Amino acid sequence: MEIAADRKLFLGGRLKRLRRDLALTQTAMAADLGVSPSYLNHIERNQRPVSAQLLLRLAETYDVDLRTLGQTSGPATEAELAEAFADPLFQGLAVPRHEIVQLAEDQPAAADALLRLYRAFTDRRARDRAEADGAGGPGEGPADWVRDYVQGRRNHFPELDLLGEALAAALGEGSPGEPFETRAAARLQALHGLTVRTLPAEVMVEWTRRFDPHRKRLLLSDALAPSSRAFAVAYQLVVSEHEAEINGLVAAAAPPDEPTRRLLKVSLANTLAAAVLMPYSAFQAAAEASGYDLARLQARFGVSYEQAAHRLTTLSRPTARGVPFFLMRVDQAGNISKRFASGAFPFSRFGGACPRWRLHAAFRTPGRVVTQIVETPDGGRWFTLARTVDRQGQDAFGEGQDLAIGLGCELKHAHRLIYARGLDLAAPEVTPIGPACRLCHRHPCAERAAPPVDRPLAVDDWAKSVSPYPFATSQA
């Protein structure tokens, strides 16, 4: 945390948000930190600065990353509030940025309440427009709830990472030289009586993977890439061995209804499957050693580009943090089907990504990584890379690649990436972008781009949209 020695830290809003996230009263947190409730109250109201001793107690008591408290930019809510206030609904108000920052930092509960109201308004507006066109509106569904819950956890589930590392170690004890798929399938057969069979695509017809609980077998299409087959076997293995733990996490999250519960279970099972394929400590160490070279990570762990990219957004273990990445996946029309982040997320919650971001240009160079440094209207600078993948999450090159993966981090972390080597990061070439297309009136792209939006999801697409990885199943 880079802080001038003579600078006083007034972190009332962030401390208040932390306390609210931990579901603590002022009295309870004051007792944990060894201070009086009145002193804590003064700090939360920015009437007293935070002392170094109190910062250390916060870190020790609540496992807080002090860098997140010392950042000069506000939380992700600041970008969401700026986007909401840019809606034509508020035309003429011209809410200045310093008031938005003050609302986000000093009144986090009020900021969240305003955003909740705005989300309800935009959902109602979308339904009204859809009804006027003779179609049903998307509304707030299980996918939205699960996506917000995962992002609320910063896409990090330490319980699942520990389970994944233990299971990966157990798989490696028997025959470490064999491929993961072979070892996992052997464990399924030995411990659970489940067989794994790969069948021709002509036999599977429209299925790429199917679990038959009656005959206790997992059927996979030979059209799947090896990385997708391995993930399918890993998913079946973690559901077979750790369903109780997954159910416990689902219960603790308290989903509002049964469809949301099922979808969250699928998402968490996918997260655990990835933790087995890419164990946290080994993956984080390999990422740092390689300069976050995705091609080397793919080869090292036998995974797809998208699987490796998404795993990079989960590296938030306090004792072994990775670069805090965000990820977005779009199709050629600009529809967004996936967005996750382990740190700040500069792009739209309510709309699409700016067309000046090279994520959209990646379709012109299939299979190649393109890099770009972008600047958002709030002055934040981000190093980004984008590459196409196909809908199955395989790594085929050429025709059929109709999705693009955008990965990025704050510019201050770019020196750790192999993709930034040779670039002048001190005085870089920067492209200004807007967090949402309807905000891009600030940039020339507004005249030539139609605003992309989050694609309305059918029921069968729920798991695919919130799954951290290309493989997802509704058989949970």
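Source: prediction; values computed, not measured.
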Within a strict 4.5 Å, meaning less than it, do heavy atoms of the [X] and [Y] side chains meet?
| X | Y | value |
| --- | --- | --- |
| Val370 | Thr365 | yes |
| His310 | Ile405 | no |
| Lys338 | Arg147 | no |
| Trp357 | Thr384 | yes |
| Gln236 | Leu188 | yes |
| Phe283 | Leu277 | no |
| Leu160 | Leu272 | yes |
| Gln284 | Glu288 | yes |

Does the pair [X]/[Y] count as a salt bridge with the N-to-O cut at 4.0 Å?
| X | Y | value |
| --- | --- | --- |
| Arg261 | Glu258 | yes |
| Asp161 | Arg311 | yes |
| Glu181 | Arg229 | yes |
| Glu165 | Arg317 | yes |
| Arg381 | Glu410 | no |

Side chain to side chain contact (heavy atoms under 4.5 Å, CB included) assessment of Ile373 paired with Leu411 | CA-CA 8 Å; Ile373 297 173; Leu411 185 59; 3.9 Å; yes
Within the side chain of [X], is there an N or O that forms a donor-acceptor pair under 3.5 Å with the backbone of [Y]?
| X | Y | result |
| --- | --- | --- |
| Glu306 | Asp390 | no |
| Thr271 | Ser267 | yes |
| Asn270 | Val266 | yes |
| His156 | Arg153 | no |
| Arg339 | Met328 | no |
| Tyr292 | Val323 | yes |

Determine the minimum heavy-atom distance between [X] and [Y], stating which atoms define it.
| X | Y | value |
| --- | --- | --- |
| Arg368 | Arg387 | O-CG, 3.2 Å |
| Thr388 | Gly367 | OG1-N, 2.7 Å |
| Ala184 | Leu171 | CA-CD2, 3.9 Å |
| Phe383 | Leu417 | CD2-CD1, 3.6 Å |
| Ala320 | Tyr280 | O-OH, 2.8 Å |
| Ala269 | Val238 | O-CG2, 3.7 Å |

Mind checking side chain to side chain contact (heavy atoms under 4.5 Å, CB included) for [X] and listing every partner two or more places apart, or none if nothing turns up?
| X | result |
| --- | --- |
| Arg296 | Ser290, Asp293 |
| Arg19 | Lys16, Leu24, Gln26, Met29, Glu44 |
| Leu117 | none |

Nearest-0.5 Å distance, [atom1] of residue [X] to [atom2] of residue [Y]:
| X | Y | atom1 | atom2 | value |
| --- | --- | --- | --- | --- |
| Leu162 | Phe157 | CG | CZ | 13.5 Å |
| Ser240 | Leu191 | OG | CG | 9.5 Å |
| Arg321 | Ser316 | CZ | OG | 6.0 Å |
| Cys409 | Leu407 | SG | CG | 8.0 Å |
| Trp145 | Asp257 | CH2 | CG | 9.0 Å |
| Leu327 | Thr314 | CG | OG1 | 11.0 Å |

Looking at Thr260, Ile246, Val146, which one forms a side-chain contact (heavy atoms from CB on, under 4.5 Å) with Lys265?
->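 The passing option is Ile246.
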Could you tell me whether Arg197 atom CZ has more than 12 heavy atoms of other residues or ligands within 6.0 Å of it?
->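 Atom CZ in Arg197 is not crowded, with 12 or fewer foreign heavy atoms closer than 6.0 Å.
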Return the orientation label for the Phe121 and Tyr118 ring planes: parallel under 30°, perpendicular over 60°, tilted otherwise.
->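 Plane angle between 30° and 60°, so tilted.
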Quick one: sort the Phe326 and Trp382 rings into parallel, tilted or perpendicular, breaks at 30° and 60°.
->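 Phe326 vs Trp382 ring planes: perpendicular.
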Can you check side chain to side chain contact (heavy atoms under 4.5 Å, CB included) on Leu220 and Leu199, steps first, answer last?
-> CA-CA 6 Å; Leu220 304 175; Leu199 300 176; over 6 Å; no
Go through the side-chain N and O atoms of [X] and [Y] and say whether any donor and acceptor fall under 3.5 Å apart.
| X | Y | result |
| --- | --- | --- |
| Gln332 | His360 | no |
| Asp32 | Thr61 | no |
| Thr195 | Arg217 | no |

Check: Phe325 ring centroid to Phe340 ring centroid under 6.0 Å |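 Between Phe340 and Phe325, which both carry aromatic rings, the centre distance is not below 6.0 Å.
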Audit row: Leu294, Leu385, side chain to side chain contact (heavy atoms under 4.5 Å, CB included) steps and yes/no = CA-CA 11 Å; Leu294 282 155; Leu385 49 142; 3.9 Å; yes
Given Asp222 and Thr198, is the side chain to side chain contact (heavy atoms under 4.5 Å, CB included) satisfied, shown in steps?
-> CA-CA 6 Å; Asp222 63 3; Thr198 300; 3.9 Å; yes
